[in-house]
Every structure is written in structure tokens, then in C-alpha cells.
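I have placed the structure first, in the form of C-alpha cells, so that the comments after it can refer back to it.
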Amino acid sequence: MSSKSNKIAALIIGRGNNTLENKNILKVHGRPLLQWGALAAKNSEHIGRYYISSDCDKILEAGAAVDFVKIKRPDYLALPDSQSADAVKHAYEVIAKEGEIETLIVIHANVGTISSDLIDSCIAIKNSNKDISAVIPSHRKDEYHPLRARKLNSDGTMEPYVGKPTDKISANRQELPTCLFFDHSFWVLDVEKGVKAVNGQEPWPVMGSTIVPFETEGCFDVHDLEDLKKTEDWITENRIEAAYQSNGLL
């Protein structure tokens with residue numbers, strides 16, 4: 001049974017200036033890429049309000065075509081070095097003027113491998129514990145464990161990014177502490193403990209300081225045409241179109 005709430009809002013974020021031109025609106029199964037994340041939000045059992053933030057009119061129009069309210073991003077948030085967390089805060093201020101919210105689901109425009117079940121599972125985790133500031137889909141990538149990473153020195157040599165060169169570290173990945181990387185498909189954020197927090201974890205302080213993972217196998221955030229094809233295959237394999245058709249979204 002649906003329990004959609006106006007206290008829970010979805011926000012798609014995406015800039016127009018990308019290495020892969022127009023990547024956020026390239027067609028996947030005949031639809032702009034960003035609309036697959038948008039439809040996942042609309043198919044959610046809980047999300048009651050929908051917004052899209054961008055500097056690009058084409059991106060905003062693609063969101064508006066599936067009933068997402070447009071938030072035009074100011075120029076200072078549309079630069080190559082602009083921070084996504086700042087764009088989220090700006091959009092939240094706009095959203096809050098239309099009615100206060102408690103939970104903000106931030107969806108990245110270049111990811112189409114998002115399902116409503118995944119979103120709702122993360123919302124359920126966040127709702128189960130009032131101390132959680134964010135629930136973030138995350139995956140393991142042990143071969144890139146930070147204890148094995150190296151930084152490049154000015155003289156061309158390398159040394160550990162973490163700890164001292166003489167620290168004992170197992171060469172066996174299985175013996176290293178659990179390490180997770182954010183998918184950056186979407187974020188489920190508590191507004192008070194995350195979006196409005198003053199001490200959130202960098203470089204995405206809007207996540208707050210009590211972040212909980214939802215473990216996945218990772219997603220295909222689109223950076224090239226191969227990622228676009230993987231996204232299309234994932235949507236087919238997971239019968240995403242059929243699910244949205246049965247609920248009248250397609």
C-alpha cells in the first residue's frame with residue numbers, strides 16, 4: 001500500500017557541461033537517461049514531491065517532462081569546480097519554501113540503474129533509526145582499498161596515502177578492514193541531520209556524520225557510451241520498463 005508523503009522529496013542533480021556531451025539526456029530505451037532515475041522516484045512508495053536542479057535548460061525540460069519541478073541553478077554552481085553538496089543545499093532552500101521536508105532523496109542525473117525498490121529499501125533503513133543522517137548505496141572494491149593506495153611525490157616516487165611506509169599491512173585483501181565506496185546513484189538524506197548539518201563528512205557534508213551504507217554491486221554512472229549500453233542492458237534484465245508500465249508511468 002502506498003504511503004507517499006510530501007515530507008519526502010526527490011531531487012535530481014546534473015550539470016550541462018560534461019566531458020561526454022549531453023550525457024544526462026542521451027537516450028536509453030528511447031528516453032533521456034535522467035528520466036530512468038526520475039521514474040524510479042515516482043514509482044517509490046514514499047516519495048511525494050519531485051524536483052530537478054541544473055544549469056542546463058535541456059536537462060530541466062527532460063525532468064519537467066516527467067513532472068519534476070525545475071530549479072534553475074545559479075551560475076556560481078554551474079562551474080567545473082562547483083560542489084554537488086552546494087547545489088543540493090541551494091535546491092533544498094527552494095524546495096523548503098514550498099513546504100518543509102524531512103527526507104531528501106538526491107538522484108544523480110547520469111545514473112539510470114536505479115530501482116524504486118532500492119530507493120524504498122534505503123528510505124526504510126533511514127526511517128528505522130532516528131540517529132541516521134544518510135543512507136548511501138555503496139559497494140566493495142577491495143583491489144582499490146585505501147591501505148593499498150599510493151600517492152605520487154614531487155620527485156616521482158610513491159608512498160602510502162594512509163599511514164607510514166613501514167606500517168604492516170597484509171597483502172591479502174580478505175584480511176583488510178571492510179572498505180566501501182559510494183555508488184553515487186542516489187543519496188537518502190535526513191534534512192536536519194544531513195542537509196542542514198554543519199559538521200557533515202567531507203567532501204559531501206550534506207550526508208551528515210552518521211552515514212549508513214546499503215550494500216550493492218555498484219552502478220553504471222555514465223561517463224562514456226559503453227556505460228550507456230550497460231545501463232540499457234540493466235534496465236532490460238531487471239524488467240524495469242514492465243514495472244513502470246504496470247503502474248501507469250510509461
Side-chain angles (χ1 to χ4, degrees), residues 13 15 18-20 23 37 80-89 105-108 110-115 117-119 121-126 128-190 193-195 197-231 233-234 237:
I13 59 171
R15 286 194 298 109
N18 297 288
T19 304
L20 178 59
K23 71 176 181 180
D81 59 351
S82 297
Q83 300 297 300
S84 56
D86 293 331
V88 170
K89 288 183 178 180
I105 291 80
V106 176
I107 298 171
H108 294 259
N110 68 322
V111 179
T113 49
I114 300 171
S115 71
D117 287 343
L118 181 54
I119 291 174
S121 294
C122 291
I123 292 174
I125 293 172
K126 185 261 181 188
S128 70
N129 187 335
K130 63 182 179 61
D131 295 324
I132 292 175
S133 62
V135 180
I136 311 294
S138 307
H139 58 276
R140 302 190 185 212
K141 201 77 170 177
D142 289 335
E143 59 266 40
Y144 295 118
H145 198 289
L147 291 178
R148 306 173 80 179
R150 295 293 183 268
K151 64 180 175 182
L152 184 63
N153 296 320
S154 59
D155 63 359
T157 63
M158 294 190 296
E159 63 179 88
Y161 245 112
V162 178
K164 301 175 182 178
T166 54
D167 289 344
K168 293 294 183 181
I169 300 173
S170 176
N172 299 321
R173 292 180 297 176
Q174 298 83 352
E175 296 177 14
L176 298 176
T178 299
C179 175
L180 296 171
F181 294 87
F182 295 147
D183 288 3
H184 288 305
S185 51
F186 67 91
W187 309 334
V188 173
L189 308 178
D190 183 274
K193 298 177 182 64
V195 179
V198 296
N199 60 343
Q201 294 182 19
E202 295 289 349
W204 301 284
V206 291
M207 293 183 185
S209 58
T210 50
I211 304 168
V212 172
F214 184 92
E215 283 205 48
T216 71
E217 295 181 356
C219 69
F220 308 120
D221 47 334
V222 172
H223 297 294
D224 55 39
L225 295 179
E226 183 179 350
D227 295 329
L228 208 67
K229 179 62 168 61
K230 290 178 180 177
T231 298
D233 291 344
W234 183 92
E237 292 166 5

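Across every non-hydrogen atom of Lys164 and Asp167, the tightest pair is N-OD2, 2.8 Å. Closest non-hydrogen pair, Pro160 versus Pro165, comes out as CG-CA, 3.8 Å. Scanning both residues, Val135 and Pro137, for their nearest heavy atoms gives O-CD, 4.0 Å. Heavy-atom minimum distance, His145 versus Pro177: NE2-O, 2.8 Å. Between Trp234 and Gly112, the closest heavy-atom pair is CZ3-O, 3.9 Å. For the residue pair Asp183 and His139, the shortest heavy atom distance occurs at OD1-ND1, 2.6 Å.
Side-chain atoms of Glu202 do not come within 3.5 Å of backbone N or O of Gly200 as any donor-acceptor pair. Looking at Asn153, its side chain never comes within 3.5 Å of a backbone N or O of Asp155 through a donor-acceptor pair. Checking side-chain atoms of Asp190 against main-chain N and O of Lys193 turns up a donor-acceptor pair under 3.5 Å. For the pair Asp224 (side chain) and Glu226 (backbone), a donor-acceptor distance under 3.5 Å is present.
Lys130 NZ to Ser128 OG: the interatomic distance, rounded to the nearest 0.5 Å, is 12.0 Å. With values rounded to the nearest 0.5 angstrom, Asp142 atom CG is found 7.5 Å from Gln174 atom CD. Distance check, rounded to the nearest 0.5 Å: NZ of Lys126 to OG of Ser121 gives 15.5 Å. Atom CD1 of residue Ile132 and atom CG of residue Leu189 lie 12.5 Å apart, to the nearest 0.5 angstrom. Thr216 contributes atom OG1, which lies 11.5 Å from atom CD1 of Ile136 (distance to the nearest 0.5 angstrom). Of the inter-residue distances, the one linking Ile211 atom CD1 with Phe182 atom CZ reads 4.5 Å to the nearest 0.5 angstrom.
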Run the side-chain contact (heavy atoms from CB on, under 4.5 Å) check on Ile119 and Ile123 step by step: do they pass?
CA-CA 6 Å; Ile119 291 174; Ile123 292 174; 3.8 Å; yes
After noting the C-alpha distance and the side-chain angles of Thr210 and Ser133, does the key distance pass the side chain to side chain donor-acceptor pair (under 3.5 Å) rule?
CA-CA 5 Å; Thr210 50; Ser133 62; 3.2 Å; yes
Between Trp187 and Val206, does a side-chain contact (heavy atoms from CB on, under 4.5 Å) hold up when you go through it step by step?
CA-CA 10 Å; Trp187 309 334; Val206 291; 3.8 Å; yes
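Applying the side-chain hydrogen bond (donor to acceptor under 3.5 Å, both in side chains) test to Lys141 and every residue at least two apart in sequence or in another chain returns nothing.
At most 12 heavy atoms of other shown residues, nucleotides or ligands fall within 6.0 angstrom of atom CD in Glu217.
Residues Gln201 and Met207 fail the side-chain proximity criterion, which asks for heavy atoms closer than 4.5 Å. Looking at heavy atoms from C-beta onward, Leu118 lies in side-chain contact with Phe186 at the 4.5 angstrom threshold. Taking the side chain as every heavy atom from C-beta outward, His223 and Asn110 approach each other to under 4.5 Å. In this structure, Ser84 and Trp204 have side chains that are in contact, with non-hydrogen atoms separated by less than 4.5 Å. Taking 4.5 Å as the limit, some side-chain heavy atom of Leu176 sits within range of a side-chain heavy atom of Ile169.
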